[in-house]
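Written below as structure tokens is the structure these notes are about.
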Amino acid sequence: MLSRKQLQRYSRQIMLPQIGEAGQEKLAAARVLIVGLGGLGSPAALYLAAAGIGELHLVDGDRVEISNLQRQVLYKTNHRDKHKAQVAAQQLTAANPEIRVHAHCVMADEAWLSTQLSRQSFDLVLDCTDNLNIRHTINRVCRERQVPVVMASVRGFSGQLVSFDFRTNTSPCYACLFPPATGQSDLPEAENCSTVGVIGPALGMMGSAQALEAIKFIAGLPVSSLNKLQLFEAATLEWRALALPANSTCPICR
Ligand SMILES: [Zn+2]
């Protein structure tokens, strides 16, 4: 049952037939883990907090740098050198004091993720990282723990979005799409924003899209990126969708 304050705060989305009071109650009961609080995690977390996701867990071991501010809209210049997860939690709590926000100032790795996902039940994980190794780790751990995941990434002007519902045994996974490199020596040089550059609003689009998919997922609406690679090209404003090819040789899920 929603309180009067909740009915007021979320009135504009409750009036949508796709959400309604029932959908808002689902959002309020949801627990979501956001890994990475940079250019994707900033808009994703802001929108999920504003929408009234009941409990948000924010994970990032980094501190705010001036070069982050071109795209990481959670942070202001005076946040320099502060822990991103802590600043983010303060900002989200200020935006919406009705929800519970937990800051984790750690770099998520396999052991940490595994512990978190076994300690309490998460409805969804958002992968907002910019690193292929941790993406594969999130894919593995979420699949193992049967927690659905919404993943996004941006290189330059090009964005990708894909979701998996690992509660379904037959779900494909990220490694079906992009098999992990075998052996450390085969790994390509770490590619991320600091090495290839990125346009800020493209991250805003993709992070917002992650929040959108998360809300749809939790409210029980069709999720357009489920088992589908959604590609966004910021240079031309074009979206393309690729059905996920079945990969019977996936080392993770087959
Ligand atoms: Zn797979």
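Every number for a ligand or one of its atoms is a count from 1 in the order of the listing.
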Short of 2.8 Å from the Zn ion (ligand 1), name each protein N/O/S atom, waters not counted.
Cys173 SG, Cys176 SG, Cys250 SG, Cys253 SG
Can you measure from CG (Leu46) to OG (Ser208) and round to the nearest 0.5 angstrom?
9.0 Å
Pairing of Asp81 and Arg63 as salt bridge, 4.0 angstrom limit
no
Below 4.0 angstrom, N of the basic side chain to O of the carboxylate: do Glu98 and Lys5 qualify?
yes
How close do Thr137 and Asp109 get, counting heavy atoms only, and between which atoms?
CG2-C, 4.1 Å
Just say parallel, tilted or perpendicular for the rings of Tyr75 and His79, cut-offs at 30° and 60°.
perpendicular
More than 12 heavy atoms of other residues, nucleotides or ligands under 6.0 Å from OH of Tyr47: is that the case?
no
